[in-house]
Structures are given as C-alpha cells and as structure tokens.
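Quick caveat: nothing in here was measured; it's all calculated off a predicted structure. Below, read A as the first sequence line, B as the second, and so on, with proteins coming before strands; counting in each chain starts at 1.
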Protein chains: 4
Amino acid sequence: MTHHEDTRALILQAALKSIAVNGFHGTSMSKVAQAAKISAATIYYYFEGKDELINELYKTIKANLLRAVIVEQDETLPLRAQLRQIIKNLIKYLILHPQDAAFMEQFDRSPYNQLATQAELAPAFKRLMAVIDQAKQEQIIKDLPNELLEILTMDLASSIARKHAAGLLNVTEALLDQAVDACWDAIRR
Amino acid sequence: MTHHEDTRALILQAALKSIAVNGFHGTSMSKVAQAAKISAATIYYYFEGKDELINELYKTIKANLLRAVIVEQDETLPLRAQLRQIIKNLIKYLILHPQDAAFMEQFDRSPYNQLATQAELAPAFKRLMAVIDQAKQEQIIKDLPNELLEILTMDLASSIARKHAAGLLNVTEALLDQAVDACWDAIRR
Amino acid sequence: MTHHEDTRALILQAALKSIAVNGFHGTSMSKVAQAAKISAATIYYYFEGKDELINELYKTIKANLLRAVIVEQDETLPLRAQLRQIIKNLIKYLILHPQDAAFMEQFDRSPYNQLATQAELAPAFKRLMAVIDQAKQEQIIKDLPNELLEILTMDLASSIARKHAAGLLNVTEALLDQAVDACWDAIRR
Amino acid sequence: MTHHEDTRALILQAALKSIAVNGFHGTSMSKVAQAAKISAATIYYYFEGKDELINELYKTIKANLLRAVIVEQDETLPLRAQLRQIIKNLIKYLILHPQDAAFMEQFDRSPYNQLATQAELAPAFKRLMAVIDQAKQEQIIKDLPNELLEILTMDLASSIARKHAAGLLNVTEALLDQAVDACWDAIRR
DNA sequence: TATGAATGAGAGTTCATTCAT
DNA sequence: CATGAATGAACTCTCATTCAT
C-alpha cells in the first residue's frame, strides 16, 4: 500500500518534471517510465492512460497550490490584509514550484482543459471563494466577475513565476512587494 | 508570385486555425495540409518543417497584433489616454482574433518559445516601448520592469480573451471598460 | 529470452536477405518487417534504427566469416599450406553465403562504412593477422602492407563470389583451385 | 548545342560528385540540381529519370576509363610490357579519379547493375580484350576466364584506389610498382 | 530551354497502449 | 505488482517526378 502510493507519486513526479520542460507533446509515456525507473506498462496499472495521468497530475498540483495559499492564513487579520497575503502566497508558491506553474499554464491553455476536471477541486477552492465573496460584499474589492478576478490574481501570479523561471524577470523580495501592490491595485476598490 | 504568396498564406491560416483548437500536439502537418486543401509535401516547399512553420506563424501574428494596437493611436492625446487606448485595443484585438490569442499563449508557454524569435519583431515593438518608457519617465505609471508591465497588460489581455473565447467570461462593452480600469489601476502611479 | 534472441535474429536475417538483393536503398524497414512477419515498430525494440541494424548485421556477418575461415584450420601444416587453405576457405565461404558477400561488399563501399565499426571484430581478426605476420617474417609472402594483402585475398574472394552469384563466372572445383593459385601467386614471394 | 552539352555534362558531374560521397541513396535529384545550380525539373529535360542519369553516368565513366587505359599504350612493346602498362594505367587512373572509382564500385554492386548496360561499351573494350586474348594464346598469361582476369586486374585496381582514397593505403610510386607486380604475378604464367 | 510549384508514395521513426507471463 | 515484448496508427519529412508557363 505504501509501496503502491510511492510508485504512483513517483510517476506523477516524473511526468510533472518532464512536462514542465518538454511540454505535453515532448513527454512520452516511455520517457516518464524511464525517469521513474519503472516499465511503461506499469504506468497503466496506476492510470488509465496518458489523459488520466495528466488530469490526475493537474488535480494534485492544483490542490497543493490552493492548500498552500490558504493554509498559512491568519483569519483574524482584516480582509484586506488577508487578501494581500493570499496574493503574495500565490506568487511565492509558484516561484518556489516552477514546474507546477509551468504545468498548470500549459494545461489551462491546452485541449486537456476542456475535460471537466475543475469541479473536483471544490474543498480548498471554496474557502478561497468565501474570502473573495465577502471582500466583494464589503466593497473592499471591485465588483468584478470571479473569472476576471482570477485572471487578475492567479493568471498574473503564473505569468510572474513563468518569467522568473525563464530568467526574464528577477523576482526579489522588493519586486515581489511591487507585484503584490500592482495586483492589489487592480482589484481593490 | 501572387499564387506563391497565396499558398503560403493559406498554409499559415490553416495551421493557425488548427493549433488554436487542437494545440501543437493535435495539429499534424497532414491535417494542416488537408485544411488548406493542398498536399502535405507542399508545406515543405514553403517551410523548412513544422518548427519553422510555427515560428513564422508566430512572427506574423505578433506583428499583426502590434500593428493593430498602435495603428489607431492618436498621438495628440495625453499619454494616460494613449496608454488606456493601447490596453483597450489589445484586449479588443485579442477578443476579435481568438485564434491569434490562443496560438500566442500556447507558443509562449511551449518549448518553441526558446528559439530566438523575438528579435525580429523590433519595428512595431519599439514604438510601443517608447510610449511606455516615456510614461515611466513622466511618472504616469509605476517604475516597474518592462517584463512585469508586459504581464500586467499583454498577459492579462490574453487571459481575458481566452476566458471569453471559452465562454467563461462574457466581455461586454461594460466589462471591457472595467477590465481596462483594472489593468490601468495595476500599472498607474 | 530465447524468444527475444529469436526475434532479433529473425530481423537480422530478413534484413540481410533484402539488402543482398535490393541494396540498402531498396530495403525499407517496413519491408524488413514484412519479411520477418513482425510489425515495423518491433524492429525499433531491438535496434535503435536502420543504421544500428545495418551495423549490427555487419558485425555479425564479419564475425561469422572470420570464424569460418580460421576454424577448420590445421595448425600443424606448414604456413604456406595454411595460407592457401585460408584463401580457399574464404572463397568457398563467400560462395556458399552469397548474401553475406553481397552485403559486405555494399557495406564497405557505402557511407555506413565510415562509422567506426571495425574495432569490435578484433578477436577472430587477430588470429588471422598472426598467421599473415608470421608468413611475412618467414619471407613466405611478400612484404606488403596488410591493407594491400587484404585486397589481394579478401576483396578478390568477394569479387569472385559476386561474379559467381551473378552467373558471370562458374566457380567449379577446378576453377576454385585456379583462383586460389592466382591469389597465392599474387602474394607469395 | 554547346550550351546543351554543357548543362548535361554539368549534371553528370554534380551527380558523380554526390554519389561518390553520399552513395546512390544519399543523392537525391534535387541535391544534384542544387549542386549543378539548375532546377530539378531541368534534369528531366536531359535524362528520363534517375535511373537513366545513373546509367549514362556509368557509361561515360567506364568509357573514359577504358580510353585512358589504352590510349597511351605503345603497341610496339612486347605483350608482357603492354599488359603491365595497362594494369599500371588502370590503377593510376582510378587513383587520379577517385570519384569515378567510387561510383563504379557502387554501381557494380548495386541493383542498377542488373540493367543491361554493359554491351554498349564495346569499342574501347574490344581493344583491351584483343590484347588479353592474344596474351592468353601466346601463353604469356594464365588461361583463365575473362571474368576472373577482370577481377584480378580491374577489381583489384578499384580496391586499391578505394583504400587509397580512404587513407587506409598510401599508394606511393614504389607501392604502385609492388601492386602492379602482385597483379601481374596473379595472372602471368 | 528552363523552372516554380505541386504532389502521391513511401521512407524512418515514435507513440500510447496491450497482454501474457 | 510489474514488465518484456509487441503493435497499429500516426507522425514528420523526403523523394522522384510532373506540368503549366
């Protein structure tokens, strides 16, 4: 059982690493297998196929991200501070996990995205949404559609992490603050 | 000669259409050929291979975008108005050309991106940069690295267009203004 | 395991047969696969590609040849008799294995040859060279560069086998002796 | 007309050069055209197709060779001297024209060879054969089938030229004499 | 005489997937 | 649980050849 989980995690890890660098296209099942030091056939014991593997990977990564963003949150702080903290966590997490960022960006822009995966992320996601909805109600942030708010936070953070990983943008502590400011200015009332 | 250019354009068009929907992976040379109603071998008369085809496509699309964004600009307006106009143009163009938006987003996040394509876009790009640099000097916008400013404008616009095309965000005239406001708030002093 | 070796040998056999008749050019991987009654993809499980397949084939064939030429040799005979025996074995082997002969001739004259394959044939090759070197020292044969001696024996034998296979030269027992005589006269002191 | 002949010769020359280096397989019509600085389509004005081109090339090269071998011959010399001269000319010519040598060797061992080309070389060939037949009658050389004699002269010379061109055998003036001796010993009574 | 443009056929190769062991 | 062996389908790309101009 532990062994079982280990192997499964190993596969996901190897797939993530390869996809982040080589893309979906450049990541074959046999290369994933090689990287995980198992046989390609073994992957099919753990996953139905490449599509399922990638979708599982997405769910895992997204869940990790959401958890990390919310987990260190101080609920006693004023909403404004909480929201800035969330944005900051988001950027920091993606910079610390560039493979996750690269994977998610590719996934969101690929045909894989069209498969209905999103729903299953509910638990952690709801927590985040609650904060946002409350902030809207309290007129702390603009009354924009959630999808647009997501762009102004999540997508922005992703792009920052991508440029940082590519060496095009050096995200120092100072720049991180500037970036959070910019994000915040975009959504605040 | 005209004939020659026609075929080339036909191929680029067919490739764009397919890539926007099916991604790089799902777009084979033979499918492009079929869509363009030519033989697959013909593509190789116009392009060295898939990589060159995709890079040429990128250059074409990016050049079109930059031209469109700048072309309708009124240089007599105050910088602030000019910048807002540019951001609005950007979003509008990408919404009107969702295939271009989808292609560019994929390209930027794929290994293709690592080939040194960027340099050749200079002409139109410089015009845009001049406006931005001046705005920074006049302290109209924040003194942020250009790469971050690009994220806060170009990447944002891309994401908006993507969500709109996916039916997740309905960009009405009113929402367009809200989005421009948000962008502008993010970068303005 | 046995199964494994069988398939590999089957592929080599099919490739040899086709190359001998149709040349490298006329021998496609799919034709080899058809002849071996396997899928073309299977070849790639055993060989990296066409080049490796051909090089492996060369090594196998050359090793077989060298072994056959030396194996039946009576080391108690005088050197002169041993050498004549070797030459005779050479011609006989190539006439009995016309596909091997055809393959080797093509290989030696093709660009494949330039890849560094030769070194690996050492073991059997050294035995042969020892005999030749000794014969040179004992002044039984001319003091010519080994490469020239190879031409006067190996290449000659190849050509004889080729013409025989093509029906241009009928190598009877009598002619075989004449050919050995001619070879021997060419190299003897 | 002159122009016509020039272009034709240019094509043959380009084809020879490429085939000698890259083999039949590695020599495409378009590469030949490029090397000749003409359009690929133009080749088809001068030759029916690749096969005819290669066969014409063979005829041209073989005719040149035969002419060169015989042309400088002193018919007043004794037969023995004439024959040695012919062998020497053969080797020298092939060493001076390594592309011709490489081409002929490949041709003779390829499926192209099976097309009935040989007959057309008659004129120069007959002269050579006359000398050989007379030498056989006068019991100066062994009474071997002409095909075997060809091996012992032409094929040998080819192999020497090939190894020389490959840098495996350095044919100095001295070695040339040794090679002629060996050849001669092989065929003389 | 020469060629730009086009193509059907087929090359080598990779892939996701299967299944007996 | 794990895998060696196998494969059909599809991929990128090249080739010899054609033909209107």
Side-chain angles (χ1 to χ4, degrees), chain A residues 1 3-4 6-8 24-33 36-54, chain B residues 1 3-8 11 25-33 36-53, chain C residues 1 3-8 24-33 36-53, chain D residues 1 3-4 6-8 24-33 36-54:
Chain A
M1 160 87 154
H3 189 210
H4 183 280
D6 279 3
T7 305
R8 200 188 128 97
F24 294 119
H25 180 185
T27 298
S28 67
M29 295 298 261
S30 69
K31 274 181 201 153
V32 171
K37 285 175 190 164
I38 56 167
S39 153
T42 301
I43 300 180
Y44 290 84
Y45 179 80
Y46 292 92
F47 302 93
E48 256 179 42
K50 195 180 187 183
D51 285 10
E52 211 214 45
L53 168 57
I54 286 172
Chain B
M1 164 108 147
H3 193 211
H4 182 280
E5 289 307 319
D6 279 3
T7 306
R8 201 188 128 98
I11 294 168
H25 180 133
T27 297
S28 67
M29 295 299 260
S30 72
K31 275 182 200 153
V32 171
K37 286 177 191 164
I38 55 166
S39 155
T42 300
I43 301 180
Y44 291 85
Y45 184 78
Y46 291 92
F47 303 94
E48 260 178 38
K50 196 179 185 181
D51 286 11
E52 212 215 45
L53 168 58
Chain C
M1 162 108 147
H3 193 211
H4 182 280
E5 289 307 318
D6 278 1
T7 306
R8 201 189 127 98
F24 294 119
H25 178 129
T27 298
S28 68
M29 296 299 260
S30 72
K31 276 183 198 153
V32 171
K37 285 175 190 163
I38 55 166
S39 154
T42 301
I43 301 179
Y44 291 86
Y45 184 78
Y46 292 92
F47 303 93
E48 261 179 38
K50 196 180 186 182
D51 285 13
E52 213 214 45
L53 169 57
Chain D
M1 162 87 154
H3 189 207
H4 184 280
D6 279 4
T7 306
R8 201 189 127 96
F24 294 118
H25 182 183
T27 298
S28 67
M29 295 297 261
S30 70
K31 274 181 201 153
V32 170
K37 287 174 189 164
I38 55 167
S39 154
T42 301
I43 300 180
Y44 289 84
Y45 179 79
Y46 291 93
F47 303 94
E48 254 179 42
K50 195 180 186 183
D51 286 9
E52 211 214 44
L53 167 58
I54 285 172

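Legend: residues meeting side chain to side chain contact (heavy atoms under 4.5 Å, CB included) with E52(C), ordered by chain and number and at least two apart, are F47(C), E48(C), E56(C). Every side chain to side chain contact (heavy atoms under 4.5 Å, CB included) that S39(B) has, sequence neighbours left out, goes to A41(B), T42(B). Scanning for ring pair (Phe, Tyr, Trp, His ring centres under 6.0 Å) contacts around F24(C) gives F103(C), Y112(C), with sequence neighbours left out. Shown here are the side chain to side chain contact (heavy atoms under 4.5 Å, CB included) partners of A36(A), two or more places apart in sequence or in another chain: L10(A), A14(A), I38(A).
F47(D) places its CZ atom 14 Å from the P atom of dT1(E), with the value rounded to the nearest Å. Across the protein-nucleic acid pair, I43(D) atom CD1 and dT1(E) atom P stand 17 Å apart, rounded to whole Å. If you measure from atom CD1 of I38(D) to atom C1' of dG4(E), you get 14 Å, rounded to the nearest angstrom. Rounded to a whole Å, the NZ atom of K37(C) is 18 Å from the C1' atom of dT7(F). Y45(A) places its OH atom 22 Å from the P atom of dA16(E), with the value rounded to the nearest Å. A straight line from CG of L53(D) to C1' of dT17(F) spans 14 Å, rounded to a whole angstrom.
Closest approach of I43(A) to M29(A), counting heavy atoms only: CD1-O, 3.5 Å. The nearest pair of heavy atoms linking S30(B) to A40(B) is CA-CB, 4.3 Å. For the pair H25(D) and H25(C), the tightest heavy-atom approach, listed with the atom from each and the gap, is CA-ND1, 3.8 Å.
Between T7(C) and dA6(F) there is a side-chain N or O to OP1 or OP2 distance below 4.0 Å. The phosphate of dT7(E) has OP1 or OP2 within less than 4.0 Å of a side-chain N or O from T42(B). A close approach under 4.0 Å does occur between a side-chain nitrogen or oxygen of Y46(D) and OP1 or OP2 of dA2(E).
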Inset, instruction - Indicate for each nucleotide in nucleotides 11-16 of chain F, in 5' to 3' sequence, whether protein heavy atoms under 4.0 Å reach the base (B), only the sugar-phosphate (S), or nothing (-). - result: SSBBBS

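Stem regions annotated for DNA chain F: E:2-21 with F:2-21, counting only runs of 3 or more consecutive pairs of Watson-Crick or G-U type with both contacts under 3.5 Å.
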